[in-house]
Asker: 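Below is one structure. I have some questions about it.
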Amino acid sequence: MTDSHDLRRTRALLFDLDGTLLDTVADLAEATNAMLLELGRAPLPVARIATFVGKGADRLVHRALTNDAHGQAANDEFDRARAAFDRHYARENGRQARPYDGVVEGLERFSARGLPMACVTNKPQGFSEQLLAASGLARYFAVVIGGDVLPRRKPDPLPLLEAATRLGQRPEHCLMVGDSANDAAAARAARMPVLLVPYGYNEGEPIGSVESDGIVHSFLDVDRQLG
């Protein structure tokens, strides 16, 4: 943790999607296990799939196929599986996802402050927009940057820097709110302050071990830190 950033200087907010704004693991698990069953594989426990979330759909599929966080499936198997996952997830996306406690109230408060907001995620753009619309959160975000929009995704800083540019703000005047080391690394590389929530998906690792500007238990805590 560091106190190098004065969060009262915040002029815009960036948010991760899965595990930060919305609890989406039930939808992801349904699609992942439908994919595995279609390929003749045994389904995985939801808790196991939750540890595979965070680095985009490609990594989720590789991890599920190999049941290994570092696994890499064969190319032909991956291609079949990814097509199946996309088909099943298009059906499941948003069906069971719910905002975490305090998210909607927090977004309302940020809007009342006049702070522009972006959603920056490794989820593909189409799925991200579909999910935000289904959950009723789309109206809060002036910018949505999915994982397939730019040449590089988080933990690379490029998506965060692009979001800051689109919001018309300098990176140091933006605040990133996420749930993982992925988000923290991207923010640090972008020279952007970052707060982390403890309730999301950090690939099975404790969020307290990730260097950040603080851990907040709800978006209402974020609002209080803005002064």
Asker: Just do the side-chain contact (heavy atoms from CB on, under 4.5 Å) check on Val144 and Gln125 with the steps written out, would you?
Answerer: CA-CA 8 Å; Val144 178; Gln125 185 77 15; 3.9 Å; yes
Asker: Please list, chain by chain and in numerical order, all residues satisfying ring pair (Phe, Tyr, Trp, His ring centres under 6.0 Å) with Phe127, sequence neighbours excluded.
Answerer: Tyr89
Asker: Linking I/L/V/M/F/W/Y whenever their side-chain heavy atoms sit closer than 4.5 Å, directly or via other members, would Leu161 and Phe141 fall into one cluster?
Answerer: no
Asker: Is it possible for you to say whether Leu226 and Met176 belong to one hydrophobic cluster, with membership spreading through side-chain heavy-atom contacts below 4.5 Å?
Answerer: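 No, Leu226 and Met176 fall in different hydrophobic clusters.
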Asker: Might you point out which heavy atoms bring Pro193 and Leu7 nearest each other, and give the distance in Å?
Answerer: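 In terms of heavy atoms, the two residues are closest at CB-CD2, 3.7 Å.
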Asker: Could you state the interatomic distance from CG (Asn122) to CG (Leu60), rounded to the nearest 0.5 Å?
Answerer: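 Asn122 CG to Leu60 CG: 12.0 Å, rounded to 0.5 Å.
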Asker: Is the shortest side-chain N to carboxylate O distance from Asp6 to Arg9 below 4.0 Å?
Answerer: no
Asker: Give every residue pair that meets the ring pair (Phe, Tyr, Trp, His ring centres under 6.0 Å) criterion with at least one member in residues 39-65, sequence neighbours excluded.
Answerer: His62-Phe78
Asker: Just by modelled atom types, is the Leu158 backbone N or O under 3.5 Å from a matching donor or acceptor in the Asp156 side chain?
Answerer: yes
Asker: Nearest 0.5 angstrom please: Leu175 CG to Gln225 CD, how far?
Answerer: 8.5 Å
Asker: Are Leu28 and Val197 connected, step by step, through hydrophobic side chains (Ile, Leu, Val, Met, Phe, Trp, Tyr) whose heavy atoms are closer than 4.5 Å?
Answerer: yes
Asker: Listing request: all ring pair (Phe, Tyr, Trp, His ring centres under 6.0 Å) pairs with a residue in residues 186-227, at least two apart in sequence or in separate chains.
Answerer: Phe15-Phe219, Tyr100-Tyr199
Asker: Salt bridge check: are Arg48 and Glu203 linked by an N-O gap of less than 4.0 Å?
Answerer: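 Between Glu203 and Arg48 there is no salt bridge, as every charged N stays at least 4.0 Å from the carboxylate O atoms.
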Asker: Distance check, rounded to the nearest 0.5 Å: Thr10 atom OG1 versus Leu115 atom CG?
Answerer: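 That separation rounds to 7.5 Å.
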Asker: For Gln72 and Arg59, test the side chains for any donor-to-acceptor distance below 3.5 angstrom and give the result as yes or no.
Answerer: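 Result is yes, a qualifying pair exists.
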Asker: Should Val149 and Leu160 be counted in the same cluster of Ile, Leu, Val, Met, Phe, Trp and Tyr side chains packed under 4.5 Å apart?
Answerer: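 Yes, it is one cluster - the side chains of Val149 and Leu160 are joined through contacts under 4.5 Å.
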Asker: Answer yes or no: is there a side-chain heavy-atom contact under 4.5 Å between Met35 and Arg82?
Answerer: no
Asker: Could you check whether Thr24 and Asp27, counting side-chain N and O atoms only, form a donor-acceptor pair closer than 3.5 Å?
Answerer: no
Asker: In Å, rounded to the nearest 0.5 Å, how long is the span from OG of Ser212 to CG of Leu195?
Answerer: 7.0 Å
Asker: Tell me, with the steps shown, if Asp213 and Arg188 meet salt bridge (Lys or Arg N to Asp or Glu O under 4.0 Å).
Answerer: CA-CA 10 Å; Asp213 292 284; Arg188 283 290 177 255; 3.1 Å; yes
Asker: Measuring only between side-chain heavy atoms, which start at C-beta, is Asp183 closer than 4.5 Å to Val120?
Answerer: no
Asker: Is any side-chain heavy atom of Met117 closer than 4.5 Å to one of Leu107?
Answerer: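 Answer yes - side chains close enough.
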Asker: Please examine the side chains of Leu196 and Val216, heavy atoms only from C-beta on, and report whether any two atoms are closer than 4.5 Å.
Answerer: no
Asker: Can you list everything that forms a ring pair (Phe, Tyr, Trp, His ring centres under 6.0 Å) with Tyr140? Sequence neighbours excluded, please.
Answerer: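 In terms of ring pair (Phe, Tyr, Trp, His ring centres under 6.0 Å), with neighbours along the sequence ignored, Tyr140 is linked to no residue.
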Asker: Answer whether the closest heavy-atom distance between the side chains of Asn182 and Asn202 falls below 4.5 Å.
Answerer: no
Asker: List the atom of Leu14, the atom of Cys174, and the distance in Å for their closest heavy-atom pair.
Answerer: CD1-CB, 4.0 Å
Asker: Around Asn75, counting heavy atoms of other residues, nucleotides and ligands shown, do more than 12 lie under 6.0 Å from its CG?
Answerer: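 Result for CG/Asn75: open.
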Asker: Using atom types as modelled and distance alone, determine if a side-chain donor or acceptor of Thr20 lies under 3.5 Å from a backbone N or O of Leu17.
Answerer: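 No.
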Asker: Please find the pair of heavy atoms, one from Leu220 and one from Gly106, that lie closest to each other, and give the distance.
Answerer: CD2-N, 3.9 Å
Asker: Could you list the residues that satisfy salt bridge (charged side-chain N to carboxylate O under 4.0 Å, His left out) with Arg11, not counting sequence neighbours?
Answerer: none
Asker: Any donor and acceptor pair, going by atom type alone, linking the side chain of Glu211 with main-chain N or O of Ala184 inside 3.5 Å?
Answerer: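 Not confirmed, Glu211 side chain does not pair with Ala184 backbone.
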Asker: Considering all heavy atoms of both residues, which atom of Ala12 and which atom of Gln169 are nearest to each other, and what is their separation?
Answerer: CB-CG, 3.7 Å
Asker: Side-chain contact, heavy-atom cut-off 4.5 Å: Val177 with Val194?
Answerer: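 SC-SC contact between Val177 and Val194 ruled out.
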Asker: Side chains of His88 and Arg91: any donor to acceptor distance under 3.5 Å?
Answerer: yes
Asker: Of all heavy-atom pairs between Ala84 and Glu38, which one has the smallest distance, and what is that distance?
Answerer: CB-OE2, 3.7 Å
Asker: If you take all heavy atoms of Leu131 and Ala97, which pair is closest and at what distance?
Answerer: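 Smallest interatomic distance, heavy atoms only, reads CD1-CB, 3.8 Å.
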Asker: Below 4.5 Å, heavy atoms only, C-beta onward: do Glu162 and Leu150 meet side chain to side chain?
Answerer: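 In contact.
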Asker: Using the rule given for salt bridge (Lys or Arg N to Asp or Glu O under 4.0 Å), can you reason through Glu92 versus Arg87, listing the C-alpha separation, both sets of side-chain angles and the distance that settles it, and then say yes or no?
Answerer: CA-CA 9 Å; Glu92 299 296 336; Arg87 187 171 64 255; over 6 Å; no
Asker: Kindly indicate, with the supporting measurements, whether the criterion side-chain contact (heavy atoms from CB on, under 4.5 Å) is fulfilled by Cys119 and Leu132.
Answerer: CA-CA 9 Å; Cys119 178; Leu132 288 169; 4.2 Å; yes
Asker: Any chance you could lay out the salt bridge (Lys or Arg N to Asp or Glu O under 4.0 Å) test for Lys154 and Asp16, step after step, and finish with the verdict?
Answerer: CA-CA 10 Å; Lys154 298 181 296 182; Asp16 176 54; 2.8 Å; yes
Asker: Find the distance between CD (Gln130) and OG (Ser135) and round it off to the nearest 0.5 Å.
Answerer: 10.5 Å
Asker: Give me each pair satisfying salt bridge (charged side-chain N to carboxylate O under 4.0 Å, His left out) with a member in residues 121-131, each pair once, sequence neighbours excluded.
Answerer: Asp18-Lys123
Asker: Between Asp223 and Arg109, does any side-chain N to carboxylate O distance fall below 4.0 Å?
Answerer: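 Salt bridge between Asp223 and Arg109, a charged N being under 4.0 Å from a carboxylate O: yes.
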Asker: Does Asn67, at its CG atom, have more than 12 non-hydrogen atoms belonging to other residues, nucleotides or ligands within less than 6.0 Å?
Answerer: yes
Asker: Using 0.5 Å steps for rounding, measure from the OG atom of Ser128 to the CD1 atom of Ile145.
Answerer: 10.5 Å
Asker: Measuring only between side-chain heavy atoms, which start at C-beta, is Leu167 closer than 4.5 Å to Val143?
Answerer: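 Yes, at least one pair of side-chain atoms sits under 4.5 Å.
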Asker: Any donor-acceptor pair under 3.5 Å linking the side chain of Arg153 with the backbone of Gly147?
Answerer: yes
Asker: Using the side-chain contact (heavy atoms from CB on, under 4.5 Å) rule, take Leu65 and Glu77 through it: C-alpha gap first, then chi angles, then the decisive distance, then the call.
Answerer: CA-CA 9 Å; Leu65 288 173; Glu77 182 181 45; 4.2 Å; yes
Asker: Quick check: are there more than 12 heavy atoms from other residues, nucleotides or ligands sitting under 6.0 Å from CZ of Arg224?
Answerer: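 Yes.
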Asker: Dump the intermediate steps for side-chain contact (heavy atoms from CB on, under 4.5 Å) on Arg191 and Glu172, then the final yes or no.
Answerer: CA-CA 6 Å; Arg191 299 186 180 278; Glu172 62 268 27; 5.8 Å; no
Asker: Treating Ile, Leu, Val, Met, Phe, Trp and Tyr as nodes and any side-chain heavy-atom pair under 4.5 angstrom as an edge, say whether Leu22 and Val46 lie in one connected cluster.
Answerer: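 Same cluster: Leu22 reaches Val46 through Ile, Leu, Val, Met, Phe, Trp or Tyr contacts under 4.5 Å.
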